[in-house]
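What you are looking at is a predicted structure, and each value in this text was computed from that prediction instead of being measured. Each chain gets a letter, A, B and so on, in the order its sequence line appears, and its residues count up from 1.
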Amino acid sequence: MDITRIIGPLNEAQRQAVTSPHASLLVLAGAGSGKTRVLVHRMAWLMRAEGIPPHGILAVTFTNKAAMEMRGRVEGLLEINARELWMGTFHGLAHRLLRRHARDAGLPNAFQILDSDDQYRLIRRILKNLDLDEARWPPRQIQWFINACKDEGRRARHLPESYDAFQIQMQRVYLAYEETCDRTGVVDFAELLLRTHEFLRDNPEMLAHYQRRFHHVLVDEFQDTNRIQYAWLRLLTRDRDNLFVVGDDDQSIYGWRGAKIENLYNFQRDYPRHELIRLEQNYRSTGTILQAANALIAHNQGRLGKTLWTQDLSGEPISLYAAFNEQEEALFVVERLRQWVEQGNLRSEAAILYRSNAQSRQFEEKLVALGIPYRVYGGLRFFERAEIKDALAYLRLIANRADDASFERIINTPVRGMGPKTLDTIRDTARNERCSLWEAAQRSCLDTELPARARNSLSGFLELIETTAADTSDLALWEQVQRVIARSGLLDHYRKEKGEQAEARLENLEELINAARQFEYEPADEDLGKLDQFLAHAALEAGENQADGFQDCVQLMTLHSAKGLEFDLVFMVGMEEGLFPSLHSLEEPGRLEEERRLCYVGITRARRKLYLTHAECRRIYGKENYPRPSRFVREIPAEHLEEVRVRGTVKRPVGAATLGGHVRNDAGLRLGQRVLHAKFGEGVILQQEGEGSQARVQVNFADVGMKWLMLAYANLQSL
DNA sequence: TGTTAATAAATTTTT
DNA sequence: TTTATTAACA
């Protein structure tokens with residue numbers, strides 16, 4: 001038996017978690033402590049040592065990437081095909097259950113999934129229907145409201161009556177939104193979870209069936225679960241006490257989208273027989289980096305408590321660089337990257353991490369200038385591109401004529417002579433007859449309300465969908481996709497258009513056919529036709545945002561998307577008050593703590609070397625700002641920091657005064673010079689004007705901000 | 001119907 | 001500053 005393979009490579013705490021006789025377990029796993037390893041080996045242990053069949057294990061993750069990695073590692077460890085394991089994202093698994101029990105869950109068999117873009121469009125349409133002004137009821141805010149309600153498990157009818165006019169309208173939209181989704185057979189992401197929860201809760205036999213089936217339920221990144229996800233897990237495991245969760249309260253960075261750290265406390269309360277295990281040994285970073293991270297996170301209140309340690313005690317100090325402005329910051333980082341590559345290191349082992357996506361531009365420009373290949377994470381993903389969504393909308397309408405969202409999207413895309421008036425008539429008919437837009441369109445073709453020209457175009461469109469559906473029903477998926485793209489006129493539409501964009505769109509459509517071809521190898525789903533399976537796949541896994549993942553590239557991404565990754569060399573840039581921590585988080589202490597956790601996540605991404613940079617001056621929305629360095633920098637003990645100057649490195653603790661001569665004349669000054677003022681403390685010179693006794697300088701002080709000072713009286717010391 | 005000028009807004013993101 | 005959306009126009 002290969003038990004030694006399973007427990008051999010583990011440390012004491014990991015082994016304890018993997019082999020625990022308890023079925024309910026809370027593993028507090030610090031950054032880089034091997035949490036995925038514990039999950040993978042736990043599953044292997046359950047199957048090999050405890051004889052649990054693969055289909056008796058349910059493993060839940062947040063992203064498809066994590067699920068895929070886990071599956072791959074289980075297969076590698078046990079040399080089995082792990083297909084029988086129920087492993088996937090919350091949404092993926094909920095989707096699977098809903099497909100299997102669509103009727104019992106109150107859904108049509110051919111229900112379609114709305115992604116956030118579809119959802120947004122639908123909400124806008126409903127606002128129009130209800131005659132509400134988008135300026136007063138911003139669709140984004142309503143979308144946020146609806147999703148937040150669903151994440152909390154609240155239906156529109158559950159909401160308390162409100163006297164606030166704004167609230168009343170939001171609830172009205174929510175109600176209409178639910179009604180439309182039900183009528184047209186579409187389900188948004190949050191609905192997948194809510195609907196599954198209600199289905200299990202209200203069908204005791206079904207619930208009992210799944211409770212019996214799953215001997216063990218394992219959850220990754222438990223600190224990121226929201227209320228409905230926890231309720232869902234609770235239903236499945238409450239009678240058998242068999243929930244195994246892995247998480248890290250210090251890495252909870254998604255509170256703003258509904259994640260509840262409280263679920264960690266709820267778990268401890270609801271599973272009183274659980275065992276608590278801490279994984280505190282870090283195998284990733286140097287001692288210096290870990291100590292800095294520990295010191296930083298110690299500033300947060302109410303932690304579950306956990307201190308990372310490593311056998312490595314050494315490590316280069318963390319470098320801190322104060323740039324003059326954001327341009328110069330980028331220049332510095334890219335220059336260091338150039339040296340890194342020159343020393344023979346891999347570009348893909350270096351990352352630039354920033355708080356907000358807008359910051360990437362400066363770095364991209366400088367990287368391009370030096371010809372260093374890079375990859376930016378985030379942004380539009382494959383299945384989210386407009387042309388792809390257009391093509392998918394045709395396919396969805398073929399799969400389900402009641403899908404109003406898709407109908408609206410493509411009725412006049414590409415343009416076929418149906419303007420807003422025609423559409424309005426159809427919408428009116430649909431509303432009056434309480435039928436789908438498709439049916440309404442059919443009726444409009446028959447009566448004479450529409451002008452003849454519009455009627456012609458409309459019946460042409462209806463026929464296009466019908467004949468394409470009939471002609472392609474027997475074809476292989478990829479051929480079906482190919483035909484639809486051609487017959488819909490999308491191909492011609494982009495062919496006529498010129499420019500790089502149109503060309504890229506054509507390539508993407510080509511790529512969609514390829515994706516469909518690849519999809520043929522996907523194992524068939526017993527509950528689903530190939531086309532429906534493909535459409536669900538497109539909605540649930542939006543795909544990568546860039547195709548060429550194989551080139552050796554410097555990695556650029558937000559701190560959020562860096563979670564779970566690690567690099568030898570990390571630059572955390574824009575370490576400034578108002579940027580990081582962000583302006584929006586300064587009021588609420590809770591949000592500030594989340595920012596600090598985000599900083600903790602960033603620091604612990606680095607294996608060997610970490611740089612922190614900030615700029616004395618930064619343009620934000622076209623205006624110049626002079627931010628102070630981030631408080632997080634100050635929360636890292638000075639002994640782990642080393643200030644970097646462009647000309648050589650000065651080794652000295654940050655903040656301590658150093659001797660320097662008086663600044664007597666213009667020659668002794670330069671922009672960016674650090675100076676000390678008797679009253680205002682440390683600062684940096686940003687501008688100067690005038691000469692001789694009239695000379696003035698603008699200084700940005702760390703503590704008191706911007707000041708104009710007369711050079712003759714200021715008595716500045718240079719640092 | 002498609003283009004252009006004006007205007008407003010502007011974290012973090014997965015499913 | 002950049003981006004998206006909308007209103008006005010040819």
Discussion item. Nearest to the side chain of A/Thr63, heavy atoms from C-beta on, is which of B/dT14, B/dT13, B/dT1?
Written reply: B/dT14
For [N], does the base pair up with any side-chain atom of [X] as donor and acceptor (N or O, under 3.5 Å, distance only)?
X        : N      : answer
A/Arg591 : B/dT11 : yes
A/Arg619 : C/dT1  : no
A/Ser116 : B/dT15 : yes

Heavy atoms under 4.0 Å, any strand shown: does [X] hit a base, just sugar-phosphate, or nothing?
X        : answer
A/Tyr621 : base
A/Asn64  : sugar-phosphate
A/Ser582 : base
A/Arg361 : sugar-phosphate
A/Asn357 : sugar-phosphate
A/Phe90  : nothing
A/Glu595 : base
A/Ser561 : sugar-phosphate

Check whether any side-chain N or O of [X] sits under 4.0 Å from OP1 or OP2 of [N], and answer yes or no.
X        : N      : value
A/Thr89  : B/dT15 : no
A/Ser356 : B/dA10 : no
A/Arg124 : C/dT6  : yes
A/Arg381 : B/dT15 : yes

Worksheet item: Any side-chain heavy atom of A/Arg73 sitting closer than 4.5 Å to one from A/Thr36?
Response: yes
Discussion item. A side-chain contact here means heavy atoms from C-beta on lying under 4.5 Å apart; do A/Arg605 and A/Met572 qualify?
Written reply: no
Item to complete: Report the residue (A/Val415 or A/Leu559) whose heavy-atom-nearest nucleotide on DNA chain B is the more 5′ of the two.
Response: A/Val415
Discussion item. Can you check the distance between B/dT12 and C/dT5, where both ends of the measurement are the P atom (answer in whole Å)?
Written reply: 16 Å
Item to complete: For nucleotides B/dT14 and C/dT3, find the distance between their C1' atoms and express it as a whole number of Å.
Response: 23 Å
Can you check the [X] [atom1] to [N] [atom2] distance for me, whole Å?
X        : N      : atom1 : atom2 : answer
A/Lys623 : B/dA8  : NZ    : C1'   : 13 Å
A/His560 : B/dT11 : NE2   : C1'   : 8 Å
A/Asp220 : B/dT15 : CG    : C1'   : 15 Å
A/His91  : B/dT13 : NE2   : C1'   : 12 Å
A/Tyr377 : B/dT12 : OH    : C1'   : 18 Å
A/Gln143 : B/dT15 : CD    : C1'   : 13 Å
A/Arg618 : C/dT1  : CZ    : P     : 16 Å
A/His584 : B/dT13 : NE2   : P     : 13 Å

Response to the item:
Scanning both residues in full, the closest heavy-atom pair of A/Arg596 with A/Ile297 reads O-CD1, 4.3 Å
Within 45° of the axis and under 6.0 Å from the centre of the six-membered ring of [Y], does NZ or CZ of [X] qualify?
X        : Y        : value
A/Arg234 : A/Tyr230 : no
A/Arg375 : A/Tyr377 : yes
A/Arg396 : A/Phe407 : no

Item to complete: Apply side-chain hydrogen bond (donor to acceptor under 3.5 Å, both in side chains) to A/Gln251 and A/Tyr600, showing your working.
Response: CA-CA 7 Å; A/Gln251 291 191 70; A/Tyr600 174 81; 5.8 Å; no
Discussion item. When you compare the ring of A/Trp256 with the six-membered ring of B/dT12's base, are the centres less than 5.5 Å apart and the planes under 30° from each other?
Written reply: yes
